[in-house]
Structure formats: C-alpha cells, structure tokens
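Only one structure is covered here, and it is reproduced in the block below.
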Amino acid sequence: MNDRPSWQKYFMQMAFLAATRSTCLRRKVGAVLVKDNQIISTGYNGTPKNIRHCSDQGCLRQQQQIPSGEKHELCRGVHAEQNVIIQAGINGSSTHGATLYCTNQPCSICTRMIINAEIRTVYIADTYPDALAEQLMEEAGVELIHFDRDTGKVTRLI
C-alpha cells in the first residue's frame with residue numbers, strides 16, 4: 001500500500017498548515033500557489049506588515065457584529081489569497097497559469113485578483129457563500145474544484 005499523498009492532497013495540507021499562522025479571530029485561511037507542481041508562494045489571512053494583529057487588539061468586524069461575507073472593507077486583515085498573490089509578486093514569480101490551493105472558497109474581491117493574476121485553477125476544501133465570486137470564475141474560465149479532506153476526492157464545481 002502506498003501512503004504517498006496525491007499532489008492535490010499534498011498542497012492542500014500545506015494550505016491548512018499555512019492557515020495555522022493566521023491571526024484572524026473569525027476564520028483561519030491558508031493558501032498555496034503552485035506552478036508545475038512547485039510552490040511559488042504561500043499566504044494566510046492577517047493584518048498587513050507592521051500593523052497590530054487582530055488577536056492583539058480585537059476584531060473590528062466582531063465588535064460591529066458584521067455578518068460573514070459582508071462589508072469586507074471593514075477588516076484590518078488581508079485575505080490569504082491576496083497575500084499569496086502579493087508574495088509571488090514580491091519574489092518575482094509569475095502567477096500566469098498557476099494553481100491555487102485554498103482552505104476556503106475565495107470571496108468576490110479575491111476572485112477578481114485571481115482572475116487578473118491569470119490563475120487558472122482553484123482547489124478549495126470549504127465552500128463560502130458568494131454567488132458573485134462563482135459567477136466571475138465561471139465567466140473568466142477559472143476552474144473551481146472542491147477537495148474533500150476526508151476522502152481526497154476532487155469534484156469540479158465550475
């Protein structure tokens with residue numbers, strides 16, 4: 001019996017590992033950007049560099065009782081998907097044709113960045129209710145694939 005994980009499981013496990021670095025009090029999200037089965041960057045959600053973490057100062061969204069999926073601009077944090085694209089840019093790695101592994105389905109803001117970064121495929125473990133994000137991915141031809149953590153089964157959503 002071979003216990004060697006598939007590429008999808010391997011990279012998704014790394015995305016979950018990246019999520020452990022998150023300082024978000026509401027949802028810990030991790031992302032790994034891959035090209036030709038090589039990691040080009042990782043990211044997790046949290047405040048920008050040199051800004052106090054929400055875990056240290058409290059969550060503005062919690063304080064204002066903002067429901068999940070609304071008013072993204074009222075957050076001190078940068079999403080994992082945004083950070084993974086930013087880090088690729090800082091390190092000089094092209095995102096054209098890359099594959100993104102993310103613990104959660106990207107929101108519509110991150111989806112727009114994914115489209116413009118020319119990322120072609122997004123694997124997710126957990127869904128997120130954002131119909132606009134799904135519509136944008138479908139229109140742009142970005143594949144959205146669900147990865148089941150328990151079985152390793154992949155299911156194309158878009």
Side-chain angles (χ1 to χ4, degrees), residues 1-47 54-55 59 61-62 66-72 75 77-89 91 93-158:
M1 184 167 157
N2 185 356
D3 290 335
R4 187 174 188 210
S6 67
W7 284 116
Q8 290 86 7
K9 184 172 185 175
Y10 176 70
F11 294 127
M12 191 60 78
Q13 286 176 332
M14 290 191 170
F16 277 100
L17 180 60
T20 65
R21 294 277 308 148
S22 171
T23 57
C24 181
L25 300 174
R26 291 176 65 149
R27 178 176 300 163
K28 297 191 180 304
V29 180
V32 175
L33 194 56
V34 175
K35 198 167 184 180
D36 300 322
N37 287 334
Q38 297 294 314
I39 295 170
I40 59 174
S41 66
T42 64
Y44 53 88
N45 58 329
T47 56
C54 298
S55 57
C59 175
R61 293 173 59 80
Q62 278 182 339
I66 298 170
S68 180
E70 295 180 15
K71 300 182 181 179
H72 293 284
C75 178
V78 179
H79 290 187
E81 303 92 325
Q82 294 167 344
N83 272 325
V84 82
I85 292 168
I86 292 166
Q87 289 305 311
N91 294 319
S93 297
S94 172
T95 58
H96 173 75
T99 299
L100 176 65
Y101 291 84
C102 195
T103 58
N104 294 76
Q105 183 175 329
C107 70
S108 58
I109 295 168
C110 291
T111 295
R112 290 190 290 263
M113 289 183 70
I114 289 165
I115 292 166
N116 277 358
E118 300 180 358
I119 295 167
R120 295 286 92 200
T121 305
V122 178
Y123 284 87
I124 61 166
D126 295 320
T127 58
Y128 182 77
D130 192 330
L132 178 58
E134 292 174 9
Q135 177 189 351
L136 293 170
M137 280 193 192
E138 186 169 14
E139 188 174 336
V142 176
E143 282 186 294
L144 181 64
I145 301 172
H146 179 259
F147 177 85
D148 187 301
R149 288 178 72 185
D150 297 324
T151 65
K153 181 181 175 189
V154 294
T155 306
R156 186 167 192 230
L157 302 174
I158 295 175

Residue pair [X] / [Y], side-chain heavy-atom distance below 4.5 Å:
X      : Y      : value
Ile124 : Pro106 : yes
Arg26  : Cys75  : no
Glu81  : Cys102 : yes
Asp130 : Thr111 : no
Met113 : Gln82  : yes

Please check this pair: side chain of [X] against backbone of [Y], looking for a donor-acceptor N/O pair closer than 3.5 Å.
X      : Y      : result
Thr23  : Ser55  : no
Arg156 : Leu144 : no
Asn83  : Tyr44  : yes
Lys28  : Ser22  : yes
Asn104 : Val29  : no
Thr155 : His146 : no
Thr103 : Phe16  : no

Taking all atoms of both residues into account, what is the closest heavy-atom pair of [X] and [Y], and its distance?
X     : Y     : answer
Met14 : Ile39 : SD-CD1, 3.1 Å
Ala19 : Gly30 : CB-N, 3.4 Å
Ser68 : Arg61 : CA-NH2, 4.2 Å
Ser41 : Val84 : OG-O, 2.7 Å

* Asked: Taking atom NZ of Lys9 as the centre, does the number of heavy atoms from other residues, nucleotides or ligands within less than 6.0 Å exceed 12?
  -> no
* Asked: Is the CG atom of Asn37 crowded by more than 12 outside heavy atoms at less than 6.0 Å?
  -> yes
Using residues 131-138 as the side-chain source, report each donor-acceptor pair under 3.5 Å to any protein atom, sequence neighbours left out, with the distance given to one decimal.
residue	atom	partner	partner atom	Å
Glu134	OE2	Gln105	NE2	3.0

* To do: I would like to know whether Leu25 and Gln62 meet side-chain contact (heavy atoms from CB on, under 4.5 Å); could you show each step before the answer?
  => CA-CA 9 Å; Leu25 300 174; Gln62 278 182 339; 4.2 Å; yes
* Do Arg21 and Thr42 get their side chains close enough for a donor-acceptor pair, meaning under 3.5 Å? -> no
* To do: Measure up the Trp7 and Tyr10 rings against each other and bin them: parallel (under 30°), tilted (30 to 60°), perpendicular (over 60°).
  => perpendicular
Nearest 0.5 Å, please: how far is [atom2] in [Y] from [atom1] in [X]?
X      : Y      : atom1 : atom2 : result
Asp148 : Met12  : CG    : CE    : 10.5 Å
Asp36  : Thr99  : CG    : OG1   : 9.0 Å
Ser93  : Gln87  : OG    : CD    : 10.5 Å
Glu118 : Ser94  : CD    : OG    : 7.5 Å
Cys110 : His72  : SG    : NE2   : 8.0 Å
Thr121 : Ile114 : OG1   : CD1   : 11.0 Å

* Identify the residue among Leu33, Thr95, Val34, Val32 that makes a side chain to side chain contact (heavy atoms under 4.5 Å, CB included) with Leu100. => Leu33
* Structure fact -> So the ring pair (Phe, Tyr, Trp, His ring centres under 6.0 Å) pairs with at least one residue in residues 122-145 (sequence neighbours excluded) are Tyr101-Tyr123
* Are Asn91 and Ile40 close enough, and set up right, to give a side-chain contact (heavy atoms from CB on, under 4.5 Å), and what steps lead you there? -> CA-CA 8 Å; Asn91 294 319; Ile40 59 174; over 6 Å; no
